[in-house]
Number of protein chains: 2
Amino acid sequence: MSDVAARVGVSQALVSLVFRNQPGASADTRRRVFQAAEELGYRPDTAAQLLRRTRSRQLGVLFTMRHPFDVGVVEALYPAARKHGYTLVLNAMVATRGERQSMEELLGLRSEAVITIGATSSWEHLTTGVGRTPIVEINPRTRAAGVDVVRTAERKGIRQAVDHLVALGHRAIAHIDGGRMPGATERRRGYRAAMRRHGLADHIRVHPGDYTEESGARVARALLARAPAQLPTAVIAGNDRCAHGLLGALLRAGLRVPDDVSIVGYDDSQLARLSFIDLTSVRQEAAEAAELAVRAAAERLDEGRTADRDIVLDPTLVVRGSTGPPRTPSPPDGGLLR
Amino acid sequence: MSDVAARVGVSQALVSLVFRNQPGASADTRRRVFQAAEELGYRPDTAAQLLRRTRSRQLGVLFTMRHPFDVGVVEALYPAARKHGYTLVLNAMVATRGERQSMEELLGLRSEAVITIGATSSWEHLTTGVGRTPIVEINPRTRAAGVDVVRTAERKGIRQAVDHLVALGHRAIAHIDGGRMPGATERRRGYRAAMRRHGLADHIRVHPGDYTEESGARVARALLARAPAQLPTAVIAGNDRCAHGLLGALLRAGLRVPDDVSIVGYDDSQLARLSFIDLTSVRQEAAEAAELAVRAAAERLDEGRTADRDIVLDPTLVVRGSTGPPRTPSPPDGGLLR
DNA sequence: ATGAAAGCGCTAACAG
DNA sequence: CTGTTAGCGCTTTCAT
């Protein structure tokens, strides 16, 4: 940068102003600075900026690349951060490193706040007391104090799925849960509650799963081993990947979807939208979650908020081709009167 | 850090030594430094280290999260970098930002070299002349001068697929290509060459695609519109995602795989391994590619290599359940003699 | 084995 | 509008 200043014949400070788009430099100087920078191939040094600036205006992001929803969030985070005047530092959680270490790296790089996506750990010591690093968790596996949370109203999402299936005439509606994965407990509870609400408590069936395709396929095989009359007429999977496995295994076995079994997923991922999968699914807006997470961080950093926020997003059911009326519809509630 | 030094009653320089595991501090001092750091909650400041160190020992990584292979590479890059004494800085390529800008950010953070995964751009100006930033491209879309490339022997991979299918008795083997995506041209050529080698030039059929599920599904629908006798008995898709789309659409239409059509994918991604997909696929080792890319960077940075390297990995065919003999096997080459 | 001092490339606060 | 000055937190070099 001093090279640029020398070339133009001005002070370093002025060049700095120009590069930060701050007022206080004449149009002509700006032009000449940019030109000199171009000629010299100058590029601002982030490390030095980071060191000297009072604020880094950097947000750390801790993410995994294994879940489709997460990918969407990361992508949406870039524009959201820019909008609030922040920059992103990514760090992947991979099995060989641990969330702890990833977090350390982000903090070492002066992240003013950290946004985690579907993380497991709790970060008490980071958030304790004043001046500690704010954490915003998107769809965390567990709830924690001292952090902001952005999550979906899982129960509401599942309820919509159940309502939709019941309206189609289904009664034997099963659920494959997500074990200890983010949101799974809520989804399971939502399923149970919604079933009871429709007077279908006797039809409640929860199959253990873990959000993977294989867990869906496993349940499919278990169901296929039963007598056809014992099959549920609809299944709500814990997420789209699980629904995908269920669907794939059922189709392979010669069943028709939705004729024999209706299937609902969760996430409305790209998978659900594929023409040959065409899955009815509960949609969580990745872009919205990203925007709200950045805003939550910005509130703490720029507006001095200190109270925890629990931000709950409303999901919506996207109806596609994997759900339809059951082949032998259960009589509607008034059926006995006929 | 000066706080730690003060607390222990030594100089800052000594604390620095301790944290870098450099020799020159007594065991007792080390212990006390670590303890004081712990008590004060001290964490080294990466920005300052970056600024002051002669070498950053950081490798930039430019990646996308949309292709399964890429995800595997990123994960494998962490241990590979550590092994060579480097640290990673990630930057996602997302539609809203452009590869250029991502690259700028990585360089601003003092990346000594940049590893790109499946990128489109060419980076001449970065690599021109001495002292410029080395670039290592993994599976680049286009070849460029001045950069190291790590790629798979695509033609060899496709050839193995064709050989496998021919050995099973297939003759009408079609290919769905990947348009302008990384490796697609080579795969297409490999298909043509292998078909000719088996005297099946007349059976060459290339369907345009783009590595997405939908392109596979589209081809499936086009094929289904034909008379059954006109169907190829086997299809080699450009990658696993495309194969997945093809498979899904064919199954939905009531065809059996591999009885009616055999399918081969490319990448051996997680998708291919799913029990209900069970796709024969050409495997590229993500871990190996990651390791070789880091090594290529290290060679330039630590050993002063200046000549370009073109590193070609041998793929292997993983045979699974999506390929089998054709229903009405073509007569083997000697068939006319019967 | 330890300390003193210089400075990485930049920004902030102030002065002109 | 422009220049001067003083560090940010660390590593490096040289001295002790």
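Here is the naming used below: chain letters follow the sequence lines, and residue numbers restart at 1 for every chain.
Distance CG (L50(A)) to P (dC8(D)): 16 Å, rounded to an integer number of Å. Between the P atom of dG9(C) and the CZ atom of R53(A) lies a distance of 17 Å, rounded to the nearest Å. Atom CZ in R55(A) sits about 11 Å away from atom P in dA12(C), given to the nearest Å. Rounding to whole angstrom units, CD of residue Q12(B) and P of dG7(D) are separated by 15 Å. Rounded to whole Å, atom C1' of dT13(D) lies 12 Å from atom CG of L17(B). Atoms CZ (R57(B)) and P (dC10(D)) sit 20 Å apart, rounded to a whole Å. Rounded to a whole Å, the CZ atom of R43(A) is 20 Å from the P atom of dC8(C). The interatomic distance linking L109(B) (CG) with dC8(C) (P) rounds to 20 Å, in whole Å.
Within the structure, a side-chain polar atom (N or O) of T54(B) is placed less than 4.0 Å from OP1 or OP2 of dT12(D). When the side-chain nitrogen and oxygen atoms of Q49(B) are compared with OP1 and OP2 of dC10(D), none of them lie within a distance under 4.0 Å. One finds a side-chain N or O of R20(B) lying less than 4.0 angstrom from the OP1 or OP2 phosphate oxygen of dT12(D).
Nucleic acid contact for Y42(B): sugar-phosphate only, since backbone atoms but no base atoms lie under 4.0 Å from a heavy atom of the residue. At the heavy-atom level, P23(A) lies nowhere under 4.0 Å from the strands shown. Nucleic acid contact class of G108(A) (heavy atoms, under 4.0 Å, all strands): none.
Among the nucleotides dT4(D), dT11(C), dT11(D), the one closest to the side chain of S16(A) is dT11(C). With dT2(C), dA4(C), dG3(D) as the choices, the nucleotide that has an atom nearest any side-chain atom of A13(B) turns out to be dA4(C). The side chain of S26(A) sits closest to dT2(D) out of dT2(C), dA12(C), dT2(D). Of all nucleotides listed (dC10(D), dC10(C), dC8(D)), dC8(D) comes nearest to the side chain of L51(A). Comparing dC10(D), dT2(D), dA12(C) by their closest approach to the side chain of A48(B) singles out dC10(D). Listed candidates were dT2(C), dG9(D), dT11(C). Nearest to the side chain of R52(B) is dG9(D). Comparing dC10(D), dT2(C), dT2(D) against the side chain of T29(A) picks out dT2(D) as the nearest.
Shown here is R55(B), whose CZ atom has more than 12 heavy atoms of other residues, nucleotides or ligands within 6.0 Å. Annotation for E39(B): atom CD counts as buried by contact number, over 12 foreign heavy atoms lying within 6.0 Å.
R66(A) places a side-chain heavy atom less than 4.5 Å from the side chain of V71(B).
Formation of a donor-acceptor pair under 3.5 Å by the R53(B) side chain with backbone atoms of Q49(B) is not found in this model. A donor-acceptor contact shorter than 3.5 Å is absent between the side chain of Q270(B) and the backbone of P68(B).
Listed here is the closest heavy atom pair of T133(B) and E112(B): CG2-O, 3.5 Å.
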